[in-house]
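Note sheet for the following structure.
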Amino acid sequence: MRPPKDEIMQQEVRPLLAVDVIEQLHRQFALLSGGRGRDGAPIITMPEYLGFNDLSEEDFLNVITYLTSVPSQEAASIGFIIIMDRRRDKWAAVKSTLARIAGAFPGNLQLVLVLRPTRFLQRTITDIGIRLHRDDFKMKVVMLSSLSDLHSYVDAAQLTSDLGGSLEYCHSQWIHHRTAIESFAVTVKTTAQTLHRFGADLAETELPGDVQSARELLSDHTEKHDTLQVGAGSPVGWEGVRCPGAKTSRAYRWDNATVVERLVAQLDETESSFEQFWSKHHLSLEQCLQLRHFEQDFQEVTGTLGCLAEELVAILDFGDSVEGVEQLLKDLKDLEEKAQVKIFEEASHGDQLIQSNHYAADAIQSMCAELRHVCDDFVSKTERKRHALEKSYQIHEKLDKMNKWCESGVYLLAAQAVDRCHTQEGAESALRDVQAFLEVAEQQQLADPKDLEVQKMFEKRQASLTRLSTKHTRPVQPVAPHPESSPKHSTSITQRSASPGKLQCEPISVLLESAVTCGILHIMNELIETERLYVEELRSIMQGYVAELERNEFSHLVPAALEHKKEVLFGNLFEIYEFHNRTFRKELENCIENPELVAGCFLKRKEDLKMYEKYCQNKPRSEALWRQCGECAFFQECQKKLDHKLSLDAYLLKPVQRITKYQLILKEMLKCSNNSEDTAELEEALTTMLDIIKSVNDSMHQIAITGFAGDLKNLGKLLMQGSFNVWTEHKKGHSKVKDLARFKPMQRHLFLYNSILLFCKRREEVSEGHEKTPSYSFKHSLQMSEVGITENVKGDNRKFEVWYNGREEVYIIQAPSADVKNMWVSEMRKVLTEQLEACRGAELRWRAGTGGAPPACSRFISHLDPKSVSQINKCKQKCRFEPPFLCFYHSSGSHITRQYYPQCSAR
């Protein structure tokens with residue numbers, strides 16, 4: 001059967017091409033001249049061919065099948081007209097040809113026109129034979145005596161010159177042009193397939209996690225794209241189909257032009273679609289590189305801020321003089337400017353990426369928010385430090401003024417000559433000087449100097465001068481000032497007074513202790529106030545939205561998509577509200593006078609706070625429902641009634657923000673704590689909150705796993721999860737060759753449980769107009785009871801090995817950093833060690849005859865290099881003990897020891 005379409009690139013089964021029947025076509029026993037019947041039916045001409053009877057059935061069928069596939073589907077549907085020129089032939093030849101056509105013609109045959117033999121005897125036999133066998137052929141056959149009879153059925157302009165027509169036709173040129181068209185079609189198909197494969201490879205590419213890899217991937221893909229674009233620019237065979245030749249019919253040229261135009265249009269469409277996809281992919285790679293640069297800069301800025309925070313802590317809250325405090329304030333200002341410049345530059349970079357519609361805008365916004373939070377925290381600490389230094393400056397300034405006032409007073413008293421005060425005028429003059437000096441203290445707003453020794457000296461002098469100015473006294477001998485009253489022996493107020501009733505400077509330790517206490521109280525007030533605000537916000541959601549769903553006032557505004565979906569939109573928000581309102585808030589308020597009890601609140605409610613895990617797991621479903629019906633009138637009316645500036649989705653994010661806020665507050669309290677017992681409890685509380693946040697985060701990743709046959713809940717607690725580069729090696733035959741050929745690593749997301757290690761592929765699912773949602777497609781798993789680990793791989797401190805069944809399967813895993821690798825190796829070593837200890841305990845119980853079951857078959861090998869592993873495998877082959885034993889191999893330096901425990905799989 002002829003394929004439904006003539007475009008070769010669209011046919012799933014490869015049709016016959018001109019090159020396939022080129023030898024048969026050159027025999028010219030059947031040809032397609034391009035002529036058409038009056039109704040547009042294609043004409044196949046069978047000229048006189050002496051060797052027709054010698055043609056094989058296969059050659060005849062191939063040529064006829066090929067010729068019927070050349071016209072368009074529209075023309076072929078009308079039906080073909082076959083013109084047989086048998087004027088010089090015999091009836092037997094005519095009959096055999098008609099029989100072949102009737103038995104093997106693959107298309108819709110409308111009419112067969114036969115120019116019968118012209119010789120009298122053969123014409124007579126033909127007339128008789130056609131009457132006898134017409135019904136056998138089962139097709140319409142018209143016997144023609146002359147060319148004029150033929151012209152009554154087909155216009156002479158549609159016939160070649162040998163049939164009395166004027167249609168120009170060159171058979172060799174026709175074959176050449178058909179070969180060119182089909183070659184061009186194959187080239188177009190190959191080009192389209194190449195573009196499709198390259199596009200599929202690009203679509204499967206996972207975005208790298210570091211700057212260098214992102215830069216290399218962008219360069220590699222761009223180079224491949226440019227190379228492919230040059231190769232696909234001018235398809236081979238295009239020049240050969242542009243001019244079909246002068247000796248071809250107008251209908252043939254039109255059909256060929258239509259085919260070529262369709263091929264070119266399909267190629268253009270394929271290239272256009274690929275270029276659109278490439279533009280998006282290239283933009284994604286560029287944005288990935290921008291994101292990795294931003295993340296790298298973010299790490300550098302946070303590291304710089306950590307150093308600046310340490311410098312901030314090193315700046316004292318007080319100085320030893322006015323000049324010293326001024327220098328500290330200058331250092332503080334320089335430190336604050338450095339921090340703000342760093343944060344401002346990074347935040348501005350993040351804002352630019354967000355404004356450019358970056359695909360990771362949410363992650364960038366989160367990092368920018370964290371930067372601004374760190375900045376606010378740094379500024380807050382800076383302000384507290386500045387406030388303390390300004391107070392210290394004021395104290396030192398007043399002390400300097402009072403010292404100067406005291407020194408001036410001592411000099412004034414020493415300078416007043418006693419012999420001048422024996423007269424009333426001299427006494428009044430000296431009294432005015434004393435009173436003017438005392439008024440200076442009031443004008444300069446000095447501290448109350450009543451308890452100062454200098455003040456007492458002036459009061460005595462003032463009393464004496466008052467008595468001298470009111471009555472005459474006998475002259476007195478001049479007396480030199482008391483040595484202690486001279487300027488050489490005067491001292492400042494900070495040195496003269498040590499009694500309880502006099503002004504003193506408090507010890508530095510007391511000032512520090514007071515500052516620490518004030519800091520903790522400030523953090524406590526912030527914790528309690530934000531907790532009260534948080535409860536109020538939850539209450540407003542419960543009363544303003546949840547309750548309204550159950551009332552009739554706004555029932556007509558509730559969209560159909562929200563019906564019976566309250567639990568999906570709000571999750572377990574009511575449970576969270578009840579816990580905070582009835583329990584947690586009150587317990588925190590009871591600690592306001594005893595901040596050291598706060599850590600106990602978090603430790604006591606550790607299990608209750610795990611309810612946030614359920615809320616966060618439901619958050620993606622809640623957000624999807626909100627995107628579906630968040631713009632409806634019901635929510636707008638509720639928001640308007642509550643007088644909320646933000647919509648509901650912003651308030652539904654509050655629990656996620658709150659659970660992450662607690663650990664920040666505990667960190668601040670830990671910085672202010674100077675009691676070892678309180679510090680230990682705060683550290684435990686902080687670790688608890690970080691574990692809860694990690695558990696929430698891990699559960700969010702776990703629920704995104706797809707394709708796992710079992711129940712993830714039965715795997716127990718998720719210990720670790722993260723993305724890695726993974727290479728695989730297998731020992732068995734073809735698999736080994738296949739895996740070793742993989743020179744590029746696979747991007748895999750690993751999930752570690754006590755009993756199993758899952759390998760998944762991360763995928764990004766994009767909702768139209770919304771952010772990307774990660775999912776993890778399950779690939780395979782390893783039972784932890786059957787694996788071993790090699791902690792160090794030569795050449796890269798980020799790599800380690802996980803191997804299976806005595807290294808029949810080896811997985812080389814590359815972590816993002818050495819620290820991440822060490823964490824995973826430590827956790828996996830812990831899991832394997834626990835399995836070993838469990839087996840040993842079971843073995844001891846079994847030997848003691850306590851009725852315990854023999855330990856399950858397991859293997860545990862760790863800290864071994866490949867050479868040691870090879871020696872172990874040799875030892876395993878010798879293990880043939882009865883009853884069955886479990887073999888454990890231990891490495892100590894260059895020695896390997898083997899221990900046997902019951903239930904060995906080497907049986």
Side-chain angles (χ1 to χ4, degrees), residues 1-8 10-11 13 15-16 18 21 24-25 28-47 49 52 57 60-86 94-116 130 133-144 147-160 162-165 167 169 171 174 178 181 248-259 262:
M1 294 295 291
R2 188 176 57 83
K5 295 184 180 179
D6 55 13
E7 288 83 17
I8 296 175
Q10 292 184 351
Q11 297 170 358
V13 179
L16 283 172
V21 293
Q24 292 85 345
L25 288 175
Q28 206 169 344
F29 61 85
L31 53 89
L32 189 69
S33 62
R36 298 293 175 90
R38 288 188 173 87
D39 57 354
I43 297 174
I44 296 177
T45 304
M46 292 185 177
Y49 181 72
F52 189 88
E57 292 293 336
F60 176 82
L61 178 61
N62 286 343
V63 171
I64 294 299
T65 301
Y66 173 72
L67 293 179
T68 55
S69 69
V70 173
S72 66
Q73 184 177 2
E74 180 181 359
S77 64
I78 299 174
F80 287 84
I81 297 176
I82 295 179
I83 300 177
M84 293 172 49
D85 186 3
R86 294 294 182 265
V94 173
K95 180 181 177 182
S96 63
T97 304
L98 290 174
R100 282 189 175 187
I101 294 172
F105 193 85
N108 179 17
L109 183 58
Q110 180 187 128
L111 177 65
V112 178
L113 301 175
V114 182
L115 286 170
R116 63 184 177 180
I130 195 65
H133 298 283
R134 184 184 300 275
D135 295 336
D136 296 338
F137 299 133
K138 297 181 180 179
M139 57 186 178
K140 186 177 180 181
V141 180
V142 177
M143 306 300 292
L144 305 174
L147 293 177
S148 58
D149 292 342
L150 175 63
H151 295 167
S152 64
Y153 285 89
V154 180
D155 191 351
Q158 301 295 324
L159 299 173
T160 56
D162 57 336
L163 296 177
L167 179 66
Y169 175 77
H171 191 61
W174 183 89
R178 282 303 306 173
I181 289 177
T248 54
S249 68
R250 180 179 301 175
Y252 175 74
R253 289 197 297 270
W254 176 260
D255 286 347
N256 287 340
T258 303
V259 172
R262 280 199 292 268

When rounded to the nearest 0.5 Å, the distance separating CG of Asp149 from CG of Leu113 is 10.5 Å
What distance separates Lys140 NZ from Leu111 CG, expressed to the nearest 0.5 Å?
5.5 Å
Quick check on side chain to side chain contact (heavy atoms under 4.5 Å, CB included): which of Leu31, Ile81, Leu32 does Ile43 satisfy it with?
Ile81
Specify the closest pair of heavy atoms between Leu25 and Leu67, including all atoms of both residues, with the distance to one decimal.
CD2-CD2, 4.4 Å
Do the side chain of Gln158 and the main chain of Arg36 share a donor and acceptor less than 3.5 angstrom apart?
yes
Heavy atoms only: give me the nearest Gly35-Leu167 pair and the separation to one decimal.
N-CD2, 3.8 Å
May I ask you to decide if the ring planes of Trp174 and Tyr66 are parallel, tilted or perpendicular, using 30° and 60° as cut-offs?
perpendicular
First locate atom CD of Gln24, then atom CZ of Phe60, and finally report the distance between them rounded to the nearest 0.5 Å.
12.5 Å
Pairwise distance CG(Asp162) to OH(Tyr169) - rounded to 0.5 angstrom:
10.5 Å
Starting at CD1 of Ile83, measure out to CG of Leu144 and round the result to the nearest 0.5 Å.
8.5 Å
Between the main-chain N or O of Leu163 and the side-chain N or O of His151, is there a donor-acceptor pair closer than 3.5 Å?
yes
For Thr68 and Pro106, which heavy atoms make the closest approach, and how far apart are they?
OG1-CG, 3.5 Å
Could you tell me whether the side chain of Arg116 and the main chain of Asp85 form a donor-acceptor pair under 3.5 Å?
no
4.5 Å side-chain heavy-atom contact, Ile64 and Met46
yes
Over all heavy atoms of both residues, which pair between Ala75 and Gly40 is shortest? Give the atoms and the distance, please.
CB-O, 4.5 Å
Taking every non-hydrogen atom, the tightest pair across Gly79 and Pro42:
O-CD, 3.5 Å
So CG of Leu109 and CD1 of Ile44: to nearest 0.5 Å the spacing works out to 8.0 Å
Shortest non-hydrogen pair, Ala41 vs Ile78, comes out as CB-CG2, 3.9 Å
Take the angle between the ring planes of Phe52 and Phe29 and call it parallel below 30°, perpendicular above 60°, tilted in between.
perpendicular
